[in-house]
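Here the structure comes first, spelled out in structure tokens, and everything after it is commentary.
Values below: all heavy atoms of this structure, side chains included; hydrogens, waters and symmetry mates excluded.
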Amino acid sequence: MHYILPIDNYNSYMKGFTLFFALGLITFTSCVRKTPDVARKPLLEVEGKFLYKDELQQVIPPNANDTDSTEIARSYIRKWVTDVLMYENAKRNVTNKTEIDELVESYRKSLIIHQYQQKMIEQRLPKEPAEEDLKNFYNKYSTHLVLKTNILKGLLLIVPKNAPKLATVRSWVQTANTKSLENIEKYSVQNAISYDYFGDKWLEISDVLKKIPLKIGDPSKFLSSNRFVETSDSTQHYFLRIESYRLAGQVEPYEKAKDRIANILLNKQKADFIFKFEKDIYDDAVNNETVTFFKK
């Protein structure tokens, strides 16, 4: 048995993937010694297993400083050595090796089958369900697609409190037609602290209200009662326009439910494909007499 164990002593590290250090080594030798890969630089050996410099470099982030690099390397080496020793000791002491081999082979077989099935799915199934299938599913099961939170579409403009042309900006936000949106976009480049346009997608109201200094007791009532909200604090002015909204408990809009429906349909298509694929393999084997059944 041959061990080379580090004493956790590193002299220096350099940025990036170039790593230089010195290891204090304690060596125990026996009559058999394995040799490392001559094309790679070994850092240590345990039970005939070598840890190479390039392996350690891969776990050190390029932007890590010297202190972090040292700690990451030390932790990785300790874990690597421990794993090797635990595994080698376990192999010498575990008695049910046959059972373990059977479990490993069973897992290996399952993994290969899974990889093969995934490859067949990629080759034979479309990447996304057809739009028609998505809409048909939505129309059929929309009553089950219920919102758990309040959502809205609109825009939020935040400007400094002393920003110019606030009255004009207010008019643009209230109108929010194509021309007004263009004006807001241009104005925002020079004057806005932030400008979020979400008239084409649904957002949860909680995410929007995080950006506004408003205390809303009943979000549902707030959405139902407002189309335009304007407020300010000591430094900033806020304009919120609510284009449309849906309340918790109502049916989820198709645009928001679409991705979830797509995942449901894709998973169903995959399950159906695998079921049919396995059935065809079995039926073909029986019909072609690949399978031999013995009489009882």
Heavy atoms of other groups near E99 CD, more than 12 under 6.0 Å: no
S106 side, atom OG; R108 side, atom CZ - distance, nearest 0.5 Å: 12.0 Å
Residue pair K91, E47: steps toward the salt bridge (Lys or Arg N to Asp or Glu O under 4.0 Å) verdict: CA-CA 12 Å; K91 285 197 300 183; E47 293 273 12; over 6 Å; no
Y141: partners by ring-ring contact (aromatic ring centres under 6.0 Å, His included), with sequence neighbours left out: F137
Pair listing, side chain to side chain donor-acceptor pair (under 3.5 Å) test, anchored in residues 186-195, at least two apart: none
Heavy-atom neighbours of F275 CZ exceed 12 at 6.0 Å: no
Over 12 non-hydrogen atoms of neighbours within 6.0 angstrom of CD in E289: no
Side-chain donor/acceptor of D37 to backbone N/O of A39, under 3.5 Å: yes
Fellow cluster residues of V94, listed by chain then number, with links counted only when side-chain atoms sit under 4.5 Å apart: I100, V104
Pairs flagged by side chain to side chain donor-acceptor pair (under 3.5 Å) wherever residues 211-223 is involved - sequence neighbours left out: N150-S220, D196-K211
Distance, nearest 0.5 Å, that separates CG of D207 from CD1 of I151: 11.5 Å
Non-neighbouring partners of L111 that pass side-chain contact (heavy atoms from CB on, under 4.5 Å), sequence neighbours left out: Y107, Q115
Those residues that, when tested against R40, pass side-chain hydrogen bond (donor to acceptor under 3.5 Å, both in side chains) (two or more places apart): D54
Contacts of type side-chain hydrogen bond (donor to acceptor under 3.5 Å, both in side chains), residue K148, not counting sequence neighbours: none
Any pair counted as side chain to side chain donor-acceptor pair (under 3.5 Å), so long as it reaches residues 227-253, sequence neighbours left out: R170-E230, E230-H237, D233-Y238, Q236-Y238, R241-E243, E252-R260
Residue pairs passing the salt bridge (charged side-chain N to carboxylate O under 4.0 Å, His left out) test where at least one lies in residues 118-147, sequence neighbours excluded: E131-K258
Ring geometry between Y254 and Y138 (parallel below 30°, tilted from 30 to 60°, perpendicular above 60°): perpendicular
Those residues that, when tested against D101, pass side-chain hydrogen bond (donor to acceptor under 3.5 Å, both in side chains) (two or more places apart): none
For K201, side-chain contact (heavy atoms from CB on, under 4.5 Å) partners two or more places apart: F198, L203
Residues forming a side-chain hydrogen bond (donor to acceptor under 3.5 Å, both in side chains) with D280, sequence neighbours excluded: K276
